[in-house]
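Please read the structure below before turning to the comments.
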Amino acid sequence: MKLYSTLSGTKDEFQPQGDVVKMYVCGVTPYSDAHVGHAMSYVVFDVLRRYLEYIGFNVQHVQNVTDVDDKIIQRGKQRGVDPLKLAQEFTDEFLEDMDALNVQRAHQYPRATQEIPDILKIIQALVDKGCAYPIDGDVYFRVTCDEDYGKLGHRTLEGMQAGARIEPDPRKEHPMDFALWKAAKEGEPSWESPWGPGRPGWHIECTAMSLAYLGETLDIHGGGHDLVFPHHENEIAQSEAYTGIKPFARWWVHNGLLQLGETKMSKSIGNLITIRDALATCSADALRLFFLSSHYRGPLAYGEDALAAQERGADRLRRAYHTNDTSNAPSDLDIGAYKTRFSEAMDDDLNTPQAVAVLFDMVRDINRAREDGQTTADARSLLGELGGVLGLSLTNPTHEGATALEPLIDLLLETRTGLREARQFELADRIRQRLTELGIALEDTPRGTEWHFTGAS
RNA sequence: GGCGACGUAGCCAAGAGGUUAAGGCGGGGGUCUGCAAAACCCCUAUUCGGCGGUUCGAAUCCGCCCGUCGCCUCCA
């Protein structure tokens with residue numbers, strides 16, 4: 001498959017170095033509920049992984065958790081709880097959110113606080129190599145150590161300083177030098193180090209973790225587009241300086257950002273919809289369909305109307321998938337052609353909008369074949385398979401306590417069928433109307449009356 | 001100010017030099033149905049932000065302009 005890399009700026013034929021695809025995706029800083037912007041990013045990388053696995057690759061997926069930083073400490077203080085405990089709670093919630101979104105779990109979720117010895121080892125080595133220097137208990141990386149610093153974001157040190165928004169710390173040798181280690185202030189969580197008690201800077205953990213869990217050269221390093229600079233740029237600089245091996249990552253994959261109204265959704269701006277909020281209004285399939293209906297590198301604006309539209313689309317997929325045919329007449333559905341079209345779309349830098357279009361084309365063809373009295377079993381099975389590559393479950397929404405409800409619904413339907421046979425349509429329609437209002441949709445088909453729950457699960 | 005992305009139907013969104021400009025949602029008409037729902041069929045962009053240019057040919061390439069967004073040490 002062709003996969004775009006931010007570093008090369010082009011779509012390049014993807015090929016891992018070895019038998020296993022080493023994929024590292026930047027994770028969250030857990031100090032609040034994860035929002036739908038996070039959901040989008042992790043759905044994108046989930047689909048990338050699922051597709052790589054679908055075409056036969058063995059993927060090793062590692063995602064970090066930055067469980068110590070300024071925001072976590074600040075939030076912990078506000079709430080009067082231990083910041084590390086706070087981080088743990090939000091990490092647990094984050095994983096629950098990912099499960100709810102049908103995002104496959106990474107093979108490992110290393111945490112910054114568990115990697116301190118490795119981090120210190122790397123910082124010490126960078127100091128020894130002359131690529132880092134301590135000041136007052138902080139340790140900074142010397143950006144001039146990387147002769148092509150800025151290559152990921154395609155800019156130069158000079159260009160970056162021209163528009164600097166923030167007053168540089170006068171103690172630093174170069175305004176762009178960044179912290180590898182931060183000296184602890186009073187009451188902050190800290191670890192002993194050769195430069196005094198402190199904690200890791202934002203970028204160094206990713207270097208330590210990717211080296212420890214995946215090795216010196218990653219095949220894919222992913223994250224949101226807002227991480228290109230400074231986070232990923234700095235990761236490259238410090239990692240390559242440390243190992244002396246280039247490239248640190250062979251493919252840099254960045255997803256476009258989710259917008260809410262005029263600007264991107266951001267924890268610091270506070271304009272966010274949490275994943276829980278979103279999943280209260282629509283199914284995971286609808287949310288995934290919403291993300292995957294536009295290309296992953298472009299921006300996307302969140303909207304409830306758009307989500308509602310995707311829910312109807314998801315319903316269309318589910319119906320086609322679940323509706324049985326009673327025929328064993330052969331069908332003229334070309335299974336191979338759908339697979340080919342789907343793969344061609346996905347092979348082209350994960351063109352999920354086109355892949356989704358293939359699914360909907362299949363739906364129409366399946367429904368048509370069924371009406372023509374042909375068997376649709378193989379095509380429906382393929383629809384489930386390809387939907388699964390996109391992480392769509394195609395399961396019908398259900399309700400709390402559905403199992404207990406079912407006999408009662410069946411009883412009502414039985415009664416209604418009797419009324420219809422007696423041509424008492426007014427009463428029969430009232431039952432249907434009231435059930436619809438309660439989120440239970442009825443359909444009178446030649447096979448009898450069928451029903452399903454509607455709305456969010 | 002620097003760097004970059006984007007502008008395609010009522011809405012969302014693919015397509016990136018040449019057959020009828022995907023797909024979804026919405027809307028209109030029809031078939032089926034006791035009526036609905038679902039499903040199916042037909043219709044819903046002669047045109048791709050604007051103006052120039054290159055080309056036999058441009059939504060696709062180039063230039064300028066307008067608009068929107070992102071990054072320029074909090075960020076998925």
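Quick note: numbers below take in every heavy atom, side chains included, and nothing from hydrogens, waters or symmetry partners. Since this is a predicted model, take the numbers as computed values, not measurements. Reminder, nothing fancy here: chain letters follow the sequence lines and each chain counts from 1.
- If A:Arg420 and A:Leu227 are placed on RNA chain B by their nearest nucleotide, the residue sitting closer to the 5' end is A:Arg420.
- Using a 4.0 Å cutoff on non-hydrogen atoms, the parts of residues 429-438 of chain A near RNA chain B are A:Asp429, A:Arg432, ordered by number.
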When every nucleotide of nucleotides 8-21 of chain B is labelled 5' to 3' by its protein contacts under 4.0 Å (heavy atoms), B for base, S for sugar-phosphate only, - for none, what sequence of letters results?
-----SSS------
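- Two residues, A:Val358 and A:Asn367, neighbour RNA chain B, and the one matched to the more 5' nucleotide by heavy-atom proximity is A:Val358.
- Here A:Arg416 lies in heavy-atom contact (under 4.0 Å) with a base.
- The ring pair (Phe, Tyr, Trp, His ring centres under 6.0 Å) check on A:His231 picks up A:Trp202, A:His203, with sequence neighbours excluded.
- Among the protein residues, A:Arg316 comes within range of the sugar-phosphate backbone only, with heavy atoms under 4.0 Å from sugar or phosphate atoms but none that close to a base.
- Atom-to-atom distance recorded for A:Lys172:NZ and A:Arg142:CZ is 13.0 Å, nearest 0.5 angstrom.
- The shortest distance between the side-chain N/O atoms of A:Trp202 and the OP1/OP2 oxygens of B:C75 is below 4.0 Å.
- Residue-level contact check: A:Gly223 touches the backbone only, with heavy atoms under 4.0 Å from sugar-phosphate atoms and none from bases.
- When heavy atoms are screened at a 4.0 angstrom cut-off, A:Ala309 is found touching the sugar-phosphate backbone but no base atom.
- Sulfur-to-sulfur, A:Cys145 and A:Cys131 sit under 2.5 Å apart at their SG atoms.
- You'll find that the side chain of A:Asp444 is closest to B:C35, out of B:C74, B:G70, B:C35.
- The side chain of A:Lys172 lies closest to B:U73 when the candidates are B:A76, B:A39, B:U73.
- Across the strands present, B:A5 finds its partner in B:U68; the criterion is a Watson-Crick or G-U wobble pair with both atom distances under 3.5 angstrom.
- In this structure, the ring of A:His322 has its center no less than 6.0 angstrom from the ring center of A:His452.
- As judged by a 4.0 angstrom heavy-atom cut-off over every strand, A:Leu359 is placed among residues making no nucleic acid contact.
- The aromatic ring of A:Phe425 sits over the base of B:G34, with ring centres less than 5.5 Å apart and planes tilted by under 30°.
- Residues A:Phe94 and A:Tyr109 place their aromatic rings such that the two centres sit no closer than 6.0 Å.
- Listed nucleotides B:C40, B:C72, B:A37 differ in distance to A:Glu371; the shortest reach to its side chain belongs to B:C40.
- In the model, A:Gln88 has a side-chain atom that pairs as donor or acceptor with a side-chain atom of A:Asp92 under 3.5 Å.
- Between A:Glu205 and A:Arg199 there is no salt bridge, since no side-chain N of the basic residue sits under 4.0 Å from a carboxylate O of the acidic one.
- Atom CE of residue A:Met40 and atom OG of residue A:Ser294 lie 6.5 Å apart, to the nearest 0.5 angstrom.
- Residue A:Asp70 is classed as having no contact, given no heavy-atom separation below 4.0 Å to the nucleic acid.
- Look at B:A39: its Watson-Crick or wobble partner, with both distances under 3.5 angstrom, is B:U31.
- Counting non-hydrogen atoms under 4.0 angstrom, A:Arg312 reaches the backbone sugars and phosphates but no base.
- Side-chain atoms of A:Met346 and A:Val47, non-hydrogen and from C-beta on, do get closer than 4.5 Å to each other.
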